[in-house]
Amino acid sequence: IAVLPEMWFGPIVVEEQKIEELLTPLSLLSADLGIYILPGAFYVSTSEGIFSRSYLIFPDGKRELISEKIFPSYPMKEREKIKSGRVLKVLDLKFAKISSIICVDAIYPEIARYLALKGAEVLLNPASIPANRAPLWRSLASVRAAENTVFWASVMLTESTYPDGRPVKG
């Protein structure tokens, strides 16, 4: 599984009907390499509002919404524009049951526990964390993995900055 970080192409909002256009190049790569791709998480505008979403691309080209951010970030002012999500799926890929926890949702232990109880064996955490919090994120990943007896993979944006200038070095 190839996993990209949260907002790897910037904090833009993608219209729901444009998701196909955005994910097609990654679908072609997925099919060519015969791998699954989780293209991080990004903002999607729907008729219900804007959500932070994570999709899984299958090697056969199928795409599935796997998660939405449940607790938009306060410091990033996401709560002013992003709606709390409702989607937390566990997908059985035959070799592992996986799910995605978007960025700061990793701070909330009940989300990881909920997915583990639903059978998740691997939790993927596409994130964008400021450089001064990277050590905390490594510790948090170890704790969430241990307390739920799952594998955990955080994939962070790097060599970037937040809108307020804080460096991001995953």
Which pairs, with at least one residue in [range] and sequence neighbours excluded, count as a ring pair (Phe, Tyr, Trp, His ring centres under 6.0 Å)?
range            : result
residues 102-129 : Phe71-Tyr108
residues 24-44   : Phe9-Phe42, Tyr36-Phe58, Tyr36-Phe95, Phe42-Tyr55
residues 118-146 : none

What are the two closest non-hydrogen atoms of [X] and [Y], and how far apart are they?
X      : Y      : result
Arg113 : Glu147 : NH2-O, 2.8 Å
Ser27  : Gly61  : OG-O, 4.2 Å
Ser128 : Val168 : OG-CG1, 4.0 Å
Val44  : Glu16  : CG1-CA, 3.9 Å
Ser45  : Val13  : CB-CG1, 3.6 Å
Val14  : Leu22  : CG2-CD2, 4.2 Å

Practice task
Taking atom NZ of Lys83 as the centre, report whether more than 12 heavy atoms of other residues, nucleotides or ligands fall under 6.0 Å from it.
Solution key: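 Not more than 12 within 6.0 Å, no.
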Handout entry: Lys18 atom NZ: more than 12 heavy-atom contacts under 6.0 Å
Key =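 No.
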Exercise for the section: For the pair Arg53 and Glu68, find out whether any cationic side-chain nitrogen is under 4.0 Å from an anionic carboxylate oxygen. Expected result: yes
Problem - Cationic N near anionic O, under 4.0 Å, Arg166 to Asp164 - result: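 Looking at Asp164 together with Arg166, the answer is yes, because their closest N to O distance falls below 4.0 Å.
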For residues [X] and [Y]: do they belong to one hydrophobic cluster (side chain heavy atoms under 4.5 Å, members Ile, Leu, Val, Met, Phe, Trp, Tyr)?
X      : Y      : result
Ile98  : Val3   : yes
Met7   : Leu124 : no
Trp152 : Ile70  : yes
Ile37  : Leu33  : yes
Ile12  : Leu4   : yes

Exercise for the section: Report the residues that fulfil side chain to side chain contact (heavy atoms under 4.5 Å, CB included) with Pro5, sequence neighbours left out, ordered by chain and then residue number. Expected result: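 Checked Pro5 against side chain to side chain contact (heavy atoms under 4.5 Å, CB included); matches are Trp8, Val155, Leu157.
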Problem - Counterpart residues, side chain to side chain contact (heavy atoms under 4.5 Å, CB included), relative to Ala31 (two or more places apart) - result: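 Testing Ala31 for side chain to side chain contact (heavy atoms under 4.5 Å, CB included), a comparison that skips the adjacent residues, returns none.
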Problem - Donor-acceptor under 3.5 Å (Arg63 side chain, Leu56 main chain) - result: no
Practice task
Ignoring hydrogens and angles, tell me if any N or O in the side chain of Lys69 forms a donor-acceptor pair with the backbone of Gly85 under 3.5 Å.
Solution key: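 Answer holds: no.
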Can you tell me how far apart [atom1] ([X]) and [atom2] ([Y]) are? Round to the nearest 0.5 Å.
X      : Y      : atom1 : atom2 : value
Leu23  : Leu29  : CG    : CG    : 12.0 Å
Ile101 : Leu123 : CD1   : CG    : 4.5 Å
Leu26  : Thr24  : CG    : OG1   : 9.0 Å
Arg144 : Leu115 : CZ    : CG    : 12.0 Å
Arg138 : Leu136 : CZ    : CG    : 10.0 Å
Ile57  : Ser30  : CD1   : OG    : 6.0 Å

Beyond-backbone contact of [X] with [Y], side-chain heavy atoms, under 4.5 angstrom:
X      : Y      : value
Glu6   : Met156 : no
Ile66  : Leu91  : yes
Leu93  : Ile1   : yes
Val122 : Val150 : no
Val90  : Lys97  : yes
Ile50  : Thr46  : no

Problem - Which residues share a side-chain hydrogen bond (donor to acceptor under 3.5 Å, both in side chains) with Glu15, sequence neighbours left out - result: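 Residues passing side-chain hydrogen bond (donor to acceptor under 3.5 Å, both in side chains) with Glu15: none at all.
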Problem - Candidates Cys103, Ser67, Ser100, Ser52 - the one meeting side-chain contact (heavy atoms from CB on, under 4.5 Å) with Pro126 - result: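 Between Pro126 and the candidates, side-chain contact (heavy atoms from CB on, under 4.5 Å) is satisfied uniquely by Ser100.
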